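Data block below; observations after.
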2 protein chains.
Amino acid sequence: MSPDPGLFETTRCLCLAVRRASRAITREFDQALRLHGLRATQFTLLSALHLGGSRSIGDLAEMLSADRTTLTRNLAVAEKHGWVTLRADRNDARSRIAAITTRGSRALEAALPTWRNAQQRLTETIGEQTAASLRKLAGGPCMMPLPEKPSANRKEKMR
Amino acid sequence: MSPDPGLFETTRCLCLAVRRASRAITREFDQALRLHGLRATQFTLLSALHLGGSRSIGDLAEMLSADRTTLTRNLAVAEKHGWVTLRADRNDARSRIAAITTRGSRALEAALPTWRNAQQRLTETIGEQTAASLRKLAGGPCMMPLPEKPSANRKEKMR
DNA sequence: GTTTCATATGTGTATATGCACCTAATTGCC
DNA sequence: GGCAATTAGGTGCATATACACATATGAAAC
């Protein structure tokens with residue numbers, strides 16, 4: 001009648017925890033950003049390109065801890081909306097460089113107050129402590145160029 | 001040359017943080033569970049049904065903080081693999097009750113050591129503190145019946 | 001009992017996510 | 001220069017996620 005005791009521990013599954021939290025939080029942000037035609041994923045993508053400058057698909061994937069092929073699809077969506085452009089790297093025909101457009105920057109900046117609001121509300125809900133843990137878990141400021149892979153001042157690959 | 005200071009704050013986006021963490025952790029668990037033909041989502045689903053007993057789609061969705069329609073698709077996958085069955089609620093023709101099958105329980109239990117391993121490794125990586133924060137963020141033991149919606153001892157809706 | 005409202009679910013569409021496999025281009029080595 | 005190994009990316013497939021809309025059923029009001 002009582003559940004399998006050998007499985008009770010799975011109620012503490014960290015994968016479940018983070019996925020559950022991710023779903024709930026993403027819904028919140030998606031809902032808020034909806035008014036500006038953006039979703040959390042696209043907001044993040046545009047923000048990364050705006051702040052970090054044009055980057056290759058692979059660099060973006062690494063920066064966001066996402067699979068390279070996921071970025072291919074996400075960028076296709078952004079391109080369809082006219083938020084980014086994709087062009088070949090002049091120094092490496094294999095590589096494609098993503099760049100945010102004026103339209104993309106406008107959409108991003110228009111959504112900024114809404115984002116700030118959602119961020120503020122969530123921070124109050126979960127508390128500064130938990131927020132800090134979450135950022136630490138994600139590995140620090142995600143969208144900033146990491147020391148090992150600097151590229152802030154280059155638009156193209158160095159030779 | 002330097003990035004827009006009005007957007008720098010978005011590097012602290014909690015939605016990005018939780019999604020980034022979710023992607024990374026899910027990849028870990030998916031990879032590990034792959035040997036047993038399960039993914040994190042399906043593992044969680046089966047675990048919830050095994051521990052909490054048969055439940056309606058809506059109840060499962062609420063328990064996992066997922067959209068109802070998401071559970072419809074997830075359950076369809078589980079059903080296709082023969083891990084769960086879906087039948088009409090005897091007392092409410094609108095409702096469908098999901099139940100784990102013997103095959104589903106076997107798959108779940110076979111994957112348990114692998115899950116335990118991944119859980120252990122991740123806990124060591126992120127530390128007990130962060131792990132606790134994450135669980136708190138997700139809202140406690142997710143798969144246990146909540147007080148407001150008890151259903152541990154019923155297979156069907158009470159009248 | 002009928003009308004009306006609320007509830008439980010299914011479907012269409014769009015996006016997000018990642019693995020397996022493929023192609024093209026670059027790099028190293030000789 | 002030429003070939004092998006590496007690297008960047010695309011595509012097919014499966015799954016995950018959720019909103020808008022539609023349907024069916026139960027419940028409540030009268």
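Source: prediction; values computed, not measured.
- Contact of the Arg23(B) side chain with the Leu64(A) side chain is registered, since non-hydrogen atoms from C-beta on lie closer than 4.5 Å.
- Distance, Arg34(A) CZ to dA14(C) P: 13 Å, rounded to whole Å.
- The CG-P distance, from Leu64(B) to dT17(D), rounds to 9 Å in whole Å.
- Taking the nucleotide of DNA chain D with the nearest heavy atom to each of Ile57(A) and Ala40(B), the more 5' of the two is matched to Ile57(A).
- OP1 or OP2 of dT15(D) has at least one side-chain nitrogen or oxygen of His81(B) nearer than 4.0 Å.
- Atom CG of Leu45(B) and atom P of dT15(D) are 13 Å apart (whole Å).
- Considering only side-chain atoms of Arg94(A), the nucleotide from dA8(C), dT6(D), dA18(D) that sits closest is dT6(D).
- Of the possible donor and acceptor atoms, one in the side chain of Thr101(A) sits under 3.5 Å from a partner among the backbone N and O of Trp83(A).
- When distances run from any side-chain atom of Ala93(A) to the nucleotides dA25(C), dG9(D), dA16(D), the shortest one goes to dA25(C).
- When the side chains of ILVMFWY residues are joined at heavy-atom separations under 4.5 Å, either directly or via intervening members, Val77(A) and Phe43(A) end up in two distinct hydrophobic clusters.
- Here the C1' atom of nucleotide dA20(D) and the CD atom of Gln31(A) are 12 Å apart, to the nearest Å.
- Residue contacts shown for Arg68(A) include a base, since a base heavy atom lies under 4.0 Å away.
- Protein atom CG of Asp67(B) is 17 Å distant from nucleotide atom P of dT15(C), rounded to whole Å.
- For Arg39(A), the listed nucleotide lying nearest its side chain is dT15(C); candidates were dC19(C), dA16(D), dT15(C).
- Nucleotides of DNA chain C nearest to Gly58(B) and Ala24(B) differ in position, and the one nearer the 5' end is that of Gly58(B).
- Remark: Thr70(A) is in phosphate contact with dG18(C), judged by side-chain N or O atoms under 4.0 Å from OP1 or OP2.
- Phosphate contact (OP1/OP2 of dA18(D), side-chain N/O of Arg27(A), threshold under 4.0 Å): present.
- Closest approach of Trp115(B) to Glu9(A), counting heavy atoms only: CH2-O, 3.4 Å.
- Ranking dA8(D), dG18(C), dA16(D) by closeness to the Ser95(A) side chain, first place goes to dA8(D).
- A salt bridge links Glu28(B) and Arg121(B); the closest N-O separation between the charged side-chain nitrogens and carboxylate oxygens is under 4.0 Å.
- Contact annotation for Thr69(B): base contact, defined as any heavy-atom pair under 4.0 Å involving a base atom.
- Arg96(A) and Ser56(A) share no side-chain donor-acceptor pair at under 3.5 Å.
- The distance between atom CG of Asn91(A) and atom P of dA8(D), rounded to the nearest whole Å, is 14 Å.
- Contact annotation for Thr26(A): no contact, since no heavy-atom pair falls under 4.0 Å across all strands.
- At dG9(D), none of the side-chain N or O atoms of Thr72(A) fall inside 4.0 Å of OP1 or OP2 (strictly under the cut-off).
- Distances shorter than 4.0 Å separate none of the side-chain N or O atoms of Lys80(A) from OP1 or OP2 on dA14(C).
- In this structure, Asn74(B) does not reach the dT15(D) phosphate: none of its side-chain N or O atoms is under 4.0 Å from OP1 or OP2.
- Atom CZ in Arg73(B) sits roughly 11 Å away from atom C1' in dT9(C) (whole-Å rounding).
- Distance Leu75(A) CG to dT11(D) P: 13 Å, rounded to the nearest Å.
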